[in-house]
Amino acid sequence: MAGFRLFDLNPEQDLAVRTINGPLLILAGAGTGKTRVITMRVGYLISEGVDPSNILAVTFTNKAATEMRERLLGLIGKDAAKKVTMSTFHALCVRILRSGIDRLGYKNNFSIYDEGDQMGLIKKIITRTAARDEKLDPNLAKNMISKAKNNGHRQPEPGQEQSLLGAVFAKYQAELKTLNAVDFDDLLLLAVQLLEEHEEVRQLWQKRFHYLMVDEFQDTNLLQLRLVMQLADARNNVAVVGDDDQSIYGWRGAEVTNILEFESHFANPTVVKLEQNYRSTNSILKTANKLIGNNPRRRPKSLWSAHNEGEKVRVIAMKDDRQEAEFVAEEIQRRQVTEDAKWEDFAILFRMNAQSRLIEQNLRARKIPYRVIGGKSFFDRREVKDLLAYASCVLNTDDDVSLLRIVNTPARGMGPSIVESAIEFSTKARCSVWKALQDEAFRAELPTRSYKAVAAFAELVDGYETRLNQPLADQPAILRALVEEVGYLEDLRRSCKTPEEGLSRETNVKDMLTAFEDYGKRASEGLRGFLDEMMLRQEKEEEKDEDSKGTGVTLITLHAAKGLEFPHVYLLGLEEGLLPHDRSKLEGTVDEERRLLYVGITRAMRTLAMTWCQHRIKFGSPAPCIVSSFLKELPPECLDQRSLGQLMNTPVAQESVKGRFDAMRALLEQK
DNA sequence: CGGTCTATAATTTTT
DNA sequence: TTATAGACCG
């Protein structure tokens, strides 16, 4: 590719882009142009003669992958960009597994279980396994199993098999295998196993990718590291980008040590630090630097900016959470007018989702448009899951969880008693429920009516399975026909309380069917591929329709805010117990809470206000709060600390003339 | 069988 | 306060 130019890169960015051979660690602080460096580097690789199809860029989220693809498209053009593999860890693992999981005793048409499916299965196993006096929180079990798997364990540790948790773990794994299903953790676990244990598979993939790039490396867990190590061949062309100071997913299994001890995983890497920040004022950056400097075990970094100091970071004490919400809403409303700002320029950050409620009320009362990021997944919707379950069930009839979900939806005479006995039979015969339903020995026990219902259901599924698997089958049409034949939409409407709800659910189903048709036009993997994509894209409600983007004030948790930036940020609830959260002290993860605040602070471009309350309503009743200990770690010279009362007494005109005078007064007030 | 009542617990959530 | 899960009753 002739004429590719590296423009507007600072010396460190330039080094990161030009270092193409051997391990490379890019420590990219917040707002240092990370994505730009990654895409530029891909462009540079290609300009140096690397075949784009030999490049693999891995991200955590679909959103990041999409963004990178778009940026790359603008940089190197459609043809080359399309050949670069840009994928999430999980999607990559699906690709690896679809073409080789049979070596591990699964069938290549395996189903993918999301957390809901996983939970259902675990609950079932617990009730089946636990003795009468034993209890196990399914949620806890799920987390423990997930943690174990993310540490590379496919079964309970020796000695653990006797405990209920160990037994459940073992049974869960075994059951998944008979169901020919894998959960999200398995995708990584099994892909790593496949690569580690099967030389020929490993070589195949190593031959495929010569240059690896991993984004958000601080969030990788043990398995993801192992995956990268397996994919890297002897050339070890592994470039990772990340920031240990922004590692906030330790509780989900992320290993900060992956990035802290990069040198021990990939020998003699080039290490590049990106410290020039293009996002924030120096007041904000100094505040962030000082805070994070209190963390032990980090790669020292110090963000700086060519911007000026900017306004001081405000720290405002509130009487209570009501006042806090009122203040933020009022001020945003005022600033939107007086500072000629857009609603989109403001973001309100908090530790817990519960904190957003009061804010929402206040914003609504003032008719301020806002959007709440996070919340429930689109895929948690009943009708969406039902449709996916129908599809999954027909593609992999052994998928009990999906089968049980739709076996009597809509009602077709397959009531709980039949289902119960089918499950019982399947447990005894150690087969899937589907096999049980087909087994004459099982059917023989049933009364005539039930027998007929089972036979009809079996015929239905069987028929569609055959139709779908025919070569050149018009799969979208077949899926549509299935939905039609079972009368799903009618049943859905009937089960809804209001017509509006029914309509919205119906629309969701139709949208999915349309999405499948669209998928068929751009991909060749058929319903299986579509399902994979759906399962791995557990996107949230608000991400679904693009037009909802960019409208209004953003309400978001600190976790979800990583990677985003806003001109004006309000960071709420800087209180001991909230941030750092009480639980973090118990679990000894206060460092991570500090990083969380660090992430929050570094989201702000121009102004940042942090608030804390003397009282906050917790679980219905007001509780006294004390200011977060983190606040003492911030540099006083960058702060403008006051109580709300003091703020109100400041004339509006003076407020915009912040500077020396304010600083002096703040100093005096501190005493 | 399905709806309603009551006890219980209470971060964060990329796939 | 509120969400949710399991118990309980019509």
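Residue numbers begin at 1 in each chain, while the letters A, B, ... track the order of the sequences. When reading the values below, keep in mind they use all heavy atoms of this one structure, side chains included, and skip hydrogens, waters and symmetry mates.
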Checking B/dT11, B/dT15, B/dT14 against the side chain of A/Glu587 (C-beta onward), the nearest is B/dT11

Heavy-atom side-chain contact between A/Thr220 and A/Phe60 under 4.5 Å
yes

Look at the side chain of A/Tyr249 and decide which nucleotide, out of B/dT15, B/dT11, B/dT14, has an atom nearest to it.
B/dT14

Using the P atom in both, what is the distance from C/dA5 to B/dT12, to the nearest Å?
16 Å

Starting at atom CG of A/Asn221, determine the distance to atom P of B/dT15, rounded to an integer number of angstrom.
14 Å

Within the pair A/Asn353 and B/dT12, is there a side-chain N or O less than 4.0 Å away from OP1 or OP2?
yes

According to the 5.5 Å centroid and 30° plane-angle thresholds, does A/Trp251 stack upon the nucleobase of B/dT12?
yes

Is it true that, when you exclude A/Lys452 itself, more than 12 heavy atoms of the residues, nucleotides or ligands shown sit nearer than 6.0 Å to its NZ?
no

Measure NE2/A/His559 against P/B/dT15 and give the value in whole Å, please.
15 Å

On DNA chain B, does the nearest nucleotide to A/His581 precede the nearest nucleotide to A/Asn408 from the 5' side, or the other way round? Give the residue.
A/Asn408

Going from CD1 on A/Ile248 to OG1 on A/Thr557, what distance comes out if it is rounded to the nearest 0.5 angstrom?
8.0 Å

Within a reach of under 6.0 Å around NZ of A/Lys147, are more than 12 heavy atoms found that belong to other residues, nucleotides or ligands?
no

Let me have a per-nucleotide readout for nucleotides 1-10 of chain C, 5' to 3', with B, S or -, counting only protein heavy atoms under 4.0 Å.
BSS-------

Think A/Asn62 has a side-chain N or O under 4.0 angstrom from the OP1 or OP2 of B/dT14?
no

Does B/dT12 fall in syn (glycosidic angle within 90° of 0) or anti?
anti

Expressed as a whole number of angstroms, how long is the span from A/Leu586:CG to B/dT11:P?
14 Å

Separation of A/Leu140 atom CG from B/dA9 atom P, in whole Å?
13 Å

A/Leu388 CG to B/dT15 P, in whole Å, measures 16 Å

Residue A/Arg322 excluded, over 12 heavy atoms near CZ under 6.0 Å:
no

Would you say the ring centers of A/Trp251 and A/His581 fall short of 6.0 Å from each other?
no

Can you sort out the partners of A/Glu575 under side chain to side chain donor-acceptor pair (under 3.5 Å), two or more places apart, ordered by chain and number?
A/Arg616

With a 4.0 Å cut-off on heavy atoms, is A/Glu216 in touch with a base, just the backbone sugar-phosphate, or nothing at all?
nothing

Nearest-Å distance for atom pair CZ/P, residues A/Arg595 and B/dT12:
18 Å

Can you check the A/Gln355 CD to B/dA10 C1' distance for me, whole Å?
13 Å

Looking at the side chain of A/Thr88, which of B/dT15, B/dT14, B/dT11 is the nearest nucleotide?
B/dT15

Examine the side chains of A/Tyr598 and A/Asn295 and answer whether a donor and an acceptor come within less than 3.5 Å of each other.
no

Pick the C1' atom in C/dA3 and in B/dT14, then give their distance to the nearest Å.
25 Å

Taken to the nearest whole Å, CG/A/Leu190 to C1'/B/dT15 is 15 Å

Check this one for me: any side-chain N or O of A/Thr557 less than 4.0 Å away from OP1 or OP2 of B/dT13?
yes

